Peer 1: 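Here it is, the structure in full.
Predicted model, so just to flag it, every value in this text is computed and none were measured. The chain is numbered in sequence order, starting from 1.
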Amino acid sequence: MTIALERPTKKSRSAQIREQLGYPIIDTDVHTQEFEPAFLDYLEQVGGSQIVDKFKEQLPGAGRFRWFQQTPEERYAYRTARPPFWGRPTKDTLSLATVSLPKLLHERLQEAGTDFAILYPNLATLAPQIKNDEMRRAVCRAANLYHADIFRPYSDRLTPIATIPLNTPEEGIEELEYAVKVLGLKAIQIPGYVTRTIPAFEKYPEEVQREATWIDNFALDSAYDYDPFWAKCVELKVVPTTHASGMGWTPRRSISNYQYNHIGHFASAAEAFCKALFFGGVTYRFPTLKFAFLEGGSAWGASLYTDLIWHWETRNPEILQNNHPGNINREELRELFALYGGPEIKDRFEELGSGLGFHGKYFAPEDPGDLNEFAAAGITKAEDVRDRFLNHFYFGTESDDIRVAYAYYQKANPFGDRVKAFLGSDSGHWDVPDITAVTSNAYSFVERGIFSEDDLRHFLSTYPLELYTSLNRDFFKGTAIEKDAEAYLASVGR
């Protein structure tokens, strides 16, 4: 039986808006779904039939679906976080098919008024978190091969990320070189963290080790030196982006409510990674390297930017000297205690610890410790915080997320700057049932007075162009927006 599909006979409102704007619209976060039978063929080529069998037994990320197999008592006993359910927009068959069919996505992207999209296939976002080393590396390799092949004919408007595992810098470098040099992929996604067992608990059974964990964000207090990986990103001219999830972290382990676990989890994981990059000095040591954080919005970025400057201004090494226990005039303090103190402190002044606390003997005035926690980031003034942050970090934001107002509210942001939020629609997931509504949603920011026209251009076009041409000025060469990218580069003198 042949099904006659009715395709749009008139331009969507988004496409009409795109024509009026006159500049390219770049969506930095469009999700796709692998066609599993075809992907398994690639996985078998990479890892053999045994890897395929293991993959089918327990899909990557399947640990989060343990909840469905457990009894209510087991969920309570293990504090198993309730996972998502019904994650695809199924009512509109066209939208459902768009998620998996590159040719259809290519066609509908133009209907949506979007000129170019960076793709984040769902399996690719999960693959770097696979615990088993052999499985993780095989799935990442197979995913990169599969996506490079199926999207190659549509590279004028679509480019998939290469998924890069980072349990060690060596495995990251190996897959990065293969993805870029062999497959020709030019956008990458790295995990925002790796969960590792706390060393003191490695002697315990696996069940205990699984819970006694710490978050390694690759940049601060890490188990490895990841500088060789960051250097390889610069060498290969690729921008690290992350789509990290905080689901299942300690405050996101409701056993009954997925919404409780979901709200804010992308932002939470992204903030942890962003802080590590900043305080670990990555943006200081690699001044040309930029990072993008997807799906967590940008309100947290605006908050973190302000918070970092506030902490520098109130906790920098010079200011901290005001808190040094060695500053205490104990004779003056003794007189005040004698004059104003009650019977409970009579004749007991010598028992007083430093700073009116109980720990004077542990933190002696002559041993204040390392006070400069901004040293690795190379911070000597507030302007350095601005430069290490705003010159390096970009924040994917959905087209209906009005909290982007915080990122663009220049009157409130330090130094009157925008925080670099750009369009990352999250199309393909349950919260974006219609890809053709993305541009019109974003334009409503102007209609509602949240954005100026200039803000909108930065959100839809300028910041994506700035990010992806920062290391690779030819990123958009051969695409539908090649001339627009060249015009942008000329306008900024590059």
Peer 1: Considering all heavy atoms of both residues, which atom of His392 and which atom of Asp387 are nearest to each other, and what is their separation?
Peer 2: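 Minimum heavy-atom contact is CD2-O, 3.5 Å.
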Peer 1: Is it true that a side-chain atom of Asn217 and a backbone atom of Gly192 form a donor plus acceptor pair closer than 3.5 Å?
Peer 2: yes
Peer 1: Give a yes or no answer on whether the side chain of Arg196 reaches the backbone of Ala223 with a donor-acceptor pair at less than 3.5 Å.
Peer 2: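 It does not hold such a pair.
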Peer 1: What distance do Thr28 atom OG1 and Leu460 atom CG have between them, rounded to the nearest 0.5 Å?
Peer 2: 10.5 Å
Peer 1: Examine distances only and state if a side-chain atom of Arg75 and a backbone atom of Trp67 form a donor-acceptor pair shorter than 3.5 Å.
Peer 2: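 Such a contact is found between Arg75 side chain and Trp67 backbone.
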Peer 1: State whether the side chain of Asn132 and the backbone N or O of Met135 hold a donor-acceptor pair below 3.5 Å, judged by distance alone.
Peer 2: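 Yes, because the side chain of Asn132 sits within donor-acceptor range (under 3.5 Å) of the backbone of Met135.
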Peer 1: Minimum heavy-atom separation for Pro121 and Leu119, please, with both atom names.
Peer 2: CD-O, 3.4 Å
Peer 1: Before giving the answer on side chain to side chain donor-acceptor pair (under 3.5 Å), spell out for Thr397 and Asp401 the whole-Å C-alpha distance, their side-chain angles and the decisive distance to 0.1 Å.
Peer 2: CA-CA 7 Å; Thr397 305; Asp401 186 354; 5.4 Å; no
Peer 1: Does the Lys186 side chain pair with the main chain of Phe475, one donor and one acceptor, at a distance under 3.5 Å?
Peer 2: yes
Peer 1: Any donor-acceptor pair under 3.5 Å linking the side chain of Lys290 with the backbone of Val239?
Peer 2: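 Not a single qualifying donor-acceptor pair exists.
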Peer 1: Would Leu308 and Phe279 satisfy side chain to side chain contact (heavy atoms under 4.5 Å, CB included), going step by step from the backbone distance to the final call?
Peer 2: CA-CA 10 Å; Leu308 287 170; Phe279 281 112; 3.6 Å; yes
Peer 1: Does the Asn261 side chain pair with the main chain of Gly248, one donor and one acceptor, at a distance under 3.5 Å?
Peer 2: no
Peer 1: To the nearest 0.5 Å, what is the distance between OH (Tyr408) and CG (Asp454)?
Peer 2: 9.0 Å
Peer 1: So if I apply the side-chain contact (heavy atoms from CB on, under 4.5 Å) rule between Leu185 and each of Val180, Thr163, Ile164, Asn144, which one comes out positive?
Peer 2: Asn144
Peer 1: Show the numbers, then the answer: is there a salt bridge (charged side-chain N to carboxylate O under 4.0 Å, His left out) between Glu211 and Arg253?
Peer 2: CA-CA 12 Å; Glu211 297 299 324; Arg253 293 186 69 167; 3.0 Å; yes
Peer 1: Apply the test side chain to side chain contact (heavy atoms under 4.5 Å, CB included) to residues Thr197 and Tyr204: give CA-CA distance (whole Å), side-chain angles for both, the deciding distance (0.1 Å), then the verdict.
Peer 2: CA-CA 10 Å; Thr197 300; Tyr204 292 97; over 6 Å; no
Peer 1: Please state whether the rings of Phe395 and Trp300 are parallel, tilted or perpendicular, taking 30° and 60° as the class boundaries.
Peer 2: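 Phe395 and Trp300: perpendicular rings.
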Peer 1: So, does Arg136 use its side chain to make a donor-acceptor pair with the main chain of Ile130 at under 3.5 Å?
Peer 2: yes
Peer 1: For Tyr394 together with Phe293, are the ring centres under 6.0 Å from each other?
Peer 2: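 No, ring centres 6.0 Å or more apart.
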Peer 1: Please determine whether the number of non-hydrogen atoms from other residues, nucleotides or ligands lying under 6.0 Å from atom OH of Tyr406 exceeds 12.
Peer 2: no
Peer 1: Would you say the ring centroid of Tyr226 lies under 6.0 angstrom from that of Phe229?
Peer 2: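 No: the rings miss the under 6.0 Å criterion.
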Peer 1: Can you measure from CD1 (Ile51) to CD (Gln45) and round to the nearest 0.5 angstrom?
Peer 2: 14.0 Å
Peer 1: Does a sphere of radius 6.0 Å around CZ in Arg315 hold more than 12 heavy atoms from other residues, nucleotides or ligands, not counting ones at 6.0 Å or beyond?
Peer 2: no
Peer 1: Under the side chain to side chain contact (heavy atoms under 4.5 Å, CB included) criterion, do Leu43 and Val139 qualify, and how do the steps go?
Peer 2: CA-CA 6 Å; Leu43 184 57; Val139 172; 4.1 Å; yes
Peer 1: Where does the angle between the aromatic ring planes of Phe389 and Phe393 fall among parallel (under 30°), tilted (30 to 60°) and perpendicular (over 60°)?
Peer 2: perpendicular
Peer 1: Determine whether the aromatic ring centres of residues Tyr193 and Trp249 are separated by less than 6.0 angstrom.
Peer 2: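 Between Tyr193 and Trp249, which both carry aromatic rings, the centre distance is below 6.0 Å.
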Peer 1: Under 3.5 Å, side chain of Arg473 to main-chain N/O of Arg494, donor-acceptor pair present?
Peer 2: yes
Peer 1: Run the side chain to side chain donor-acceptor pair (under 3.5 Å) test on Glu207 and Tyr78 for me, step by step, so that the C-alpha distance in whole Å, both residues' side-chain angles and the decisive distance to 0.1 Å come before the verdict.
Peer 2: CA-CA 10 Å; Glu207 195 171 57; Tyr78 288 95; 3.2 Å; yes
Peer 1: Check Glu235 with Lys232, please: is the shortest side-chain N to carboxylate O separation under 4.0 Å?
Peer 2: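 Salt bridge flag = yes for Glu235 with Lys232.
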Peer 1: Please confirm whether the backbone N or O of Trp310 pairs with a side-chain atom of Thr314, one donor and one acceptor, at under 3.5 Å?
Peer 2: yes
Peer 1: Test side chain to side chain contact (heavy atoms under 4.5 Å, CB included) on Val238 and Leu471; report intermediate values, then the result.
Peer 2: CA-CA 7 Å; Val238 291; Leu471 289 175; 5.9 Å; no
Peer 1: Hey, can you tell me if Phe291 and Phe273 have their rings parallel, tilted or perpendicular (30° and 60° cut-offs)?
Peer 2: perpendicular
Peer 1: Checking Tyr120 against Thr241 for the side chain to side chain donor-acceptor pair (under 3.5 Å) test, could you report, in this order, the C-alpha distance in whole Å, the side-chain angles of both residues, the deciding distance, and whether it holds?
Peer 2: CA-CA 10 Å; Tyr120 284 78; Thr241 72; 2.6 Å; yes
Peer 1: Can a salt bridge be assigned to the pair Arg137 and Glu175 using a cut-off of 4.0 Å between side-chain N and carboxylate O?
Peer 2: no
